[in-house]
*Asks:* 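Handing you a structure now.
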Amino acid sequence: MDSDRRRDENQDADWIFATDDPQTLPTERLPDRAEFDRYAAPLLARRRAEAVLPPSEQMTTDLSDLDGDALRAGSEPEARTGAIPMIELDADGADGDADSSPGTTSGSEMPGTTSPLRAPRDQTYARSGTTPNAEDSEDSGRGVDGLVLPDRFKELGVFDALRDVLALVCMVTALTTTFTVAHSTLVDGVGKIAIGVGLVALVAVHLLRWIPKAPPLTAIRAVRVIGLLPALLVAVGTVLSDLVLSLPVLFASLPDGPPVGLGIGVPLLLLGAIIGIEPRAHEGYLPQARARRVARIGLVCVGIGAGVALLLALVMIVGRMFTTGWAYSLLTIGDTVISVLLLGIVLASALLRERSWYVFSTAAVGGLALAALADNTLQLQFAAPLSFATDFVYLPFLFAALGLMISRSFVRTMPISFRRTDWLVFTVRAFEFSAVLHVAAVLWHLLAALVATTGLAPGGTVLHLIDAAVCLCFVAVSLFARTSLLSRPAMTARANGVISGLILVVVGFLDVIVNSLATGAGAGLVTGGTALAVGIAVALMLTVPAPVRDEFGAPDIARMFADFRSRDSGSVSLLNQVPDVTEETARKKVFPGR
């Protein structure tokens, strides 16, 4: 895999739709010296006769040394120089004297033989088969789609801007959505104050950075950290308060509900505070080894906290068998299994530094965070208020892990790339993710069908058994598509992957409709929502990215899949068939005559 990455590192290591330039590929036979000289002689002669490129794009080219007769005959320098000569005209419109001085002008004061260089032609690289050059990507003053940004914003990176926008949206949503269900004036008041201070800090750091001509970068970084620290402390304190108040009632039946109850506002506030508290690159901050070590330690602490919450949930489940009943404990076990699998995938991908799983799990949890922003409208099951006294609390740990994983300190330690073969890897990960979680969904539906016999589960026994069969079909389709992508011929594998994605989309959508009408549940793992999202993602990853192109510029799906499948096993080379003659060549041989 390393050798394959090094081989096309200069081609498209950081560009999604780039491809090999056919003009840079080696030919079957290199020209000899005589052929090269015959080819280069007229080019060198023309170059000596033409104008030399100016030292700057903003200067003009002096063509006074060129032959005036040649200019009038229509000969001009090569267009790649950008220097197009302008012919002097008499007052009557005729050509001027060829012997006239280049500095003389006509009555209209027109310069004689100079003209400004042409502006570079705008190019699009999306599916063109070419890679953007460094000078194109560093074009000063030109933004996305020709949008020209002021010079003061040239240091603002897209990654930092998106993280600030996400932090702002998360904190505003935390201010307007369910924070806790305890109806505590103190907790809600402190939370709103902390959110307000954090919002003011996010706005203040940008005003201080972009309005003054000489912004105080050290003070800006201090304002960002100090302003968002109360929001972080309030979110962590709310989680700890629910934990402490839940300890005395772990074995109680809780007819009045949980003591605090963490709404979706607490995880969103935690996510926004973690994302926003890290200083940005345009504020003069560059993560060093200490910052990267702190980010990794933070992920370890999140994993330890999730493990402690799991142990408390297991204790609570056992205790509720004797106080609340076995039906409640069975449903809680099913929810816990799903949550533990999701948390395990995310934390393992980050701590083990598995690149493809890291990218996919970050995207999956990011989708959950975006869905949680609309929780008031969608009434999502996974974003319902939880408590340590009633269930396994996982959303604060999941969103905290997401905030650390997309921090600048952690991202700089991950070798992330989006080459075309990487999209096939992410597609395989999507099918694996679907298979693992839908197995957990089958277990949940079986437990829910058993609980439905007592009338305590939403929906009936028959509905849950049908949903279990549907989730089992999702598992079969995901495993079939994964096997096809790894072993079948290229065209067949791609077709099977797209068809499997469409099946997940259609059946998942129908499952969401049926469950929403029968039980009033939103789109979730056990109701087809995950299959719908995975199917859409898979179909896009298999069809949108441009395929690898051959030396003639034509799409080559077979080569793309061959590169993808050789990542783990290594590229096949003819050198593998050459015998090792090292020992034979190193052995000293005696001349036969002696």
Side-chain angles (χ1 to χ4, degrees), residues 178-188 190-191 234-267 270 301-344 347 380-400 440-441 443-459 461 464 519 521 524-526:
T178 304
F179 197 70
T180 63
V181 296
H183 305 292
S184 173
T185 306
L186 177 61
V187 175
D188 292 340
V190 172
V234 166
V236 175
T238 306
V239 175
L240 293 178
S241 64
D242 182 82
L243 171 62
V244 173
L245 294 177
S246 299
L247 292 177
V249 293
L250 286 179
F251 301 101
S253 58
L254 291 178
D256 298 329
V260 176
L262 305 176
I264 189 56
V266 177
L270 186 61
C301 294
V302 169
I304 294 174
V308 173
L310 177 60
L311 292 178
L312 291 176
L314 294 178
V315 172
M316 180 268 301
I317 290 171
V318 174
R320 292 294 164 80
M321 286 185 179
F322 303 99
T323 57
T324 307
W326 61 270
Y328 180 88
S329 296
L330 284 183
L331 284 180
T332 307
I333 288 176
D335 295 337
T336 302
V337 169
I338 295 174
S339 305
V340 168
L341 280 177
L342 182 59
L343 262 174
L347 293 176
L380 300 176
Q381 288 181 337
F382 76 89
L386 297 177
S387 174
F388 289 92
T390 59
D391 212 325
F392 172 56
V393 177
Y394 74 101
L395 273 183
F397 302 104
L398 188 64
F399 282 14
L443 175 62
W444 189 92
H445 279 297
L446 293 179
L447 295 178
L450 183 60
V451 174
T453 57
T454 63
L456 298 179
T461 303
H464 287 295
T519 63
L525 172 63
V526 298

*Asks:* Measure the shortest side-chain to side-chain distance between V260 and V187 over non-hydrogen atoms and say whether it is less than 4.5 angstrom.
*Replies:*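 When only atoms from C-beta onward are counted, V187 and V260 do not touch, as no gap falls below 4.5 Å.
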*Asks:* Does any part of the side chain of I338, heavy atoms only, come nearer than 4.5 Å to the side chain of L342, both counted from C-beta?
*Replies:*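 L342 vs I338: side chains apart.
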*Asks:* Between A389 and V249, which heavy-atom pair has the shortest distance, and what is it?
*Replies:*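 Heavy-atom minimum between the residues: CB-CG2, 4.0 Å.
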*Asks:* Taking all non-hydrogen atoms of both residues into account, name the closest pair between A252 and T324 and its distance.
*Replies:*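 Looks like O-OG1, 4.1 Å.
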*Asks:* With a 4.5 Å heavy-atom cut-off, do F392 and L310 have their side chains touching?
*Replies:*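 Contact flag for F392/L310 side chains = yes.
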*Asks:* Grab the two heavy atoms, one from M316 and one from T332, that are nearest each other, plus how far apart they are.
*Replies:*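 For M316 versus T332, the nearest heavy atoms are CE-CG2, 4.1 Å.
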*Asks:* Please step through side chain to side chain contact (heavy atoms under 4.5 Å, CB included) for the pair W444 and H464, ending with a clear verdict.
*Replies:* CA-CA 9 Å; W444 189 92; H464 287 295; 3.8 Å; yes
*Asks:* So which atom in A440 and which in L341 form the shortest heavy-atom distance, rounded to 0.1 Å?
*Replies:*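 Looking at all heavy atoms of both residues, the closest pair is CB-CD1, 3.5 Å.
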*Asks:* Can any side-chain N or O of S329 pair as donor or acceptor with the backbone N or O of W326 at less than 3.5 Å?
*Replies:*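 Checked: no pair found.
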*Asks:* Checking side chain to side chain contact (heavy atoms under 4.5 Å, CB included) for the pair T336/D391: CA distance, chi angles, key distance, verdict?
*Replies:* CA-CA 8 Å; T336 302; D391 212 325; 4.3 Å; yes
*Asks:* Nearest heavy-atom pair of A452 and T461: which atoms, and what distance?
*Replies:*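 Heavy atoms only, the tightest pair is CB-OG1, 3.6 Å.
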*Asks:* Quick one: do Y394 and L386 satisfy side chain to side chain contact (heavy atoms under 4.5 Å, CB included)? Show the steps, please.
*Replies:* CA-CA 9 Å; Y394 74 101; L386 297 177; 4.1 Å; yes
*Asks:* Can a donor-acceptor pair be found, under 3.5 Å and without considering hydrogens, that links the side chain of T180 to the backbone of G261?
*Replies:*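 Looks like no, no N/O pair under 3.5 Å.
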*Asks:* Are any non-hydrogen side-chain atoms of V266 and V234 less than 4.5 angstrom apart?
*Replies:*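 V266 vs V234: side chains apart.
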*Asks:* Using 30° and 60° as the class boundaries, would you call the ring planes of F388 and F397 parallel, tilted or perpendicular?
*Replies:*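 F388 vs F397 ring planes: perpendicular.
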*Asks:* With a 4.5 Å cut-off on side-chain heavy atoms, are V236 and L270 touching?
*Replies:*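 L270 reaches V236 side chain to side chain.
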*Asks:* Can you check whether P258 reaches V181 side chain to side chain, under 4.5 Å on heavy atoms?
*Replies:*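 P258 vs V181: side chains touch.
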*Asks:* Between L247 and L250, is the side chain to side chain contact (heavy atoms under 4.5 Å, CB included) condition met? List the steps.
*Replies:* CA-CA 6 Å; L247 292 177; L250 286 179; 4.3 Å; yes
*Asks:* Can you tell me how far the OH atom of Y328 sits from the OG1 atom of T323, to the nearest 0.5 Å?
*Replies:*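 Atom-to-atom, Y328:OH and T323:OG1 are 9.5 Å apart.
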*Asks:* Which pair of non-hydrogen atoms, one from R320 and one from F251, has the smallest distance, and what is that distance?
*Replies:*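 Where R320 meets F251 most closely, the heavy atoms are NE-C, 4.3 Å.
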*Asks:* Kindly indicate whether the side chain of V393, heavy atoms from C-beta on, has any atom under 4.5 Å from the side chain of L262.
*Replies:*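 Counting from C-beta outward, V393 and L262 do come under 4.5 Å.
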